[in-house]
Amino acid sequence: DIFVAKNNPNAKIGEQIVFSTYLGGTANETLGGMAVGPNGDIYLTGTTLSANFPTENPAQTALDGTMDAFVVWINTSQKLGYSTYLGGAKDETGVGITFNSKNEIFVTGGTESTDFPTVHPFQSASAGRQDAFLAMYNPSLSGTATLVYSTYLGGSGWDIGRGIALADRKSVRVGKE
């Protein structure tokens with residue numbers, strides 16, 4: 001399992017931990033990336049081998065391969081806003097994560113799957129043994145994670161996305177004109 005803890009650096013010794021939890025299933029999880037919003041929201045990505053990884057309002061409800069990436073949003077109430085698997089029939093690794101002011105989440109990593117879920121892709125098929133991926137989630141009003149955009153990014157070799165940043169966190173437009 002991974003664990004998440006939130007500290008209050010201004011608290012007295014012994015009273016610094018505001019929130020702490022484990023996150024995982026019965027198999028292994030690895031944290032790949034984390035981002036913290038200005039209001040305290042926590043965004044996580046990584047890798048899970050657990051068929052019972054805790055999901056909440058998921059875009060993908062089940063582990064599809066041996067290991068999938070996960071995308072998690074823990075809201076300011078320290079509850080899962082959403083938690084979802086991301087992957088195809090082979091192995092995925094979630095490595096980098098960021099967000100914008102609309103709570104849209106952007107995640108990158110690597111996929112070995114030829115059936116990785118793509119939505120409005122820039123590159124619709126895998127080009128090598130492992131390709132990087134880029135995915136964007138937009139929570140609906142019901143809180144469900146909706147996969148808005150997802151694409152392979154890679155050539156004939158071994159590719160992986162190691163980090164992600166947005167030039168303008170206020171607005172990101174994805175899609176074709």
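These figures come from a predicted structure and were not determined experimentally.
Between the OH atom of Y149 and the CG atom of N138 there is a distance of 15.0 Å, given to the nearest 0.5 Å. Between L147 atom CG and L86 atom CG the span is 6.5 Å, to the nearest 0.5 Å. Distance OG1/T76 to CZ/F19: 11.0 Å, rounded to 0.5 Å. Within the model, atoms CG of L134 and CD1 of I164 stand 5.0 Å from one another, a figure rounded to the nearest 0.5 Å. Distance CG/L23 to CG/L80: 6.0 Å, rounded to 0.5 Å.
Residues passing the side-chain contact (heavy atoms from CB on, under 4.5 Å) test with Q130 are E112, W158, I160, sequence neighbours excluded. Qualifying side chain to side chain donor-acceptor pair (under 3.5 Å) partners for T93, counting only residues two or more places apart in sequence or in other chains: none. Judged as a side chain to side chain donor-acceptor pair (under 3.5 Å), and not counting sequence neighbours, the contacts of T48 are E29. The side chain to side chain donor-acceptor pair (under 3.5 Å) check on N103 picks up Y43, with sequence neighbours excluded.
Y82 has its side chain within reach of I105: a pair of non-hydrogen atoms, C-beta onward, lies under 4.5 Å apart. A heavy-atom distance below 4.5 Å is found between the side chains of I2 and F70. Contact check for T55 versus T61: no side-chain heavy atoms found under the 4.5 Å cut-off.
For T118 (side chain) and T151 (main-chain N/O), no donor-acceptor pair under 3.5 Å exists by modelled atom type. E104 contributes no side-chain N or O that, together with a main-chain N or O of M136, makes up a donor-acceptor pair within less than 3.5 Å. A side-chain donor-acceptor contact under 3.5 Å links N100 to the backbone of K102. Panel note: side chain S150, backbone P117; a donor-acceptor pair is recorded below 3.5 Å. No side-chain donor-acceptor contact under 3.5 Å links S20 to the backbone of A5. Judged by distance alone, with hydrogens and angles left aside, the side-chain atoms of E56 form no donor-acceptor pair with the main-chain N or O of P58 at under 3.5 Å. Remark: side-chain polar atoms of D115 are paired, donor with acceptor, to backbone N or O of A89 under 3.5 angstrom. Listed for the Y85 side chain is a donor-acceptor partner under 3.5 Å among the backbone atoms of F53. N57 places a side-chain N or O within donor-acceptor distance of the main-chain N or O of G81, the cut-off being under 3.5 Å.
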Passes side chain to side chain contact (heavy atoms under 4.5 Å, CB included), D131 versus F116? Steps please. CA-CA 10 Å; D131 280 353; F116 184 80; over 6 Å; no

Ring pair (Phe, Tyr, Trp, His ring centres under 6.0 Å) between F99 and F106, intermediate numbers included: CA-CA 6 Å; F99 59 92; F106 301 82; 9.3 Å; no

Can F133 and V107 be said to form a side chain to side chain contact (heavy atoms under 4.5 Å, CB included), step by step? CA-CA 8 Å; F133 68 80; V107 62; 4.2 Å; yes

Please evaluate residues T111 and D91 with respect to the criterion side chain to side chain contact (heavy atoms under 4.5 Å, CB included), reporting the C-alpha separation (whole Å), side-chain torsions for both, the decisive distance (0.1 Å), and the verdict. CA-CA 6 Å; T111 179; D91 295 343; over 6 Å; no

Would L44 and I97 count as a side chain to side chain contact (heavy atoms under 4.5 Å, CB included) if you check the C-alpha gap in whole Å, the side-chain angles of each, and the deciding distance to 0.1 Å? CA-CA 7 Å; L44 308 167; I97 192 164; 5.6 Å; no

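I17 forms part of no hydrophobic cluster, judged by ILVMFWY side-chain heavy-atom separations under 4.5 Å.
Minimum interatomic distance between T26 and S50 (heavy atoms only, all atoms of both residues): N-OG, 3.4 Å. For G25 against P54, the heavy-atom pair with the smallest separation is N-CD, 4.3 Å. Of all non-hydrogen atoms in S83 and V72, the two that sit nearest each other are OG-CG2, 3.4 Å. Contact between M67 and T47 at its shortest, heavy atoms only, is SD-CG2, 3.6 Å.
Sorted by first then second residue, the salt bridge (Lys or Arg N to Asp or Glu O under 4.0 Å) pairs that include residues 64-85, not counting sequence neighbours, number zero.
Cluster membership for F3 and M34, using ILVMFWY side-chain heavy atoms within less than 4.5 angstrom, is not shared.
Side-chain contact of E92 with S113: a donor-acceptor pair under 3.5 Å is present, judged by distance alone.
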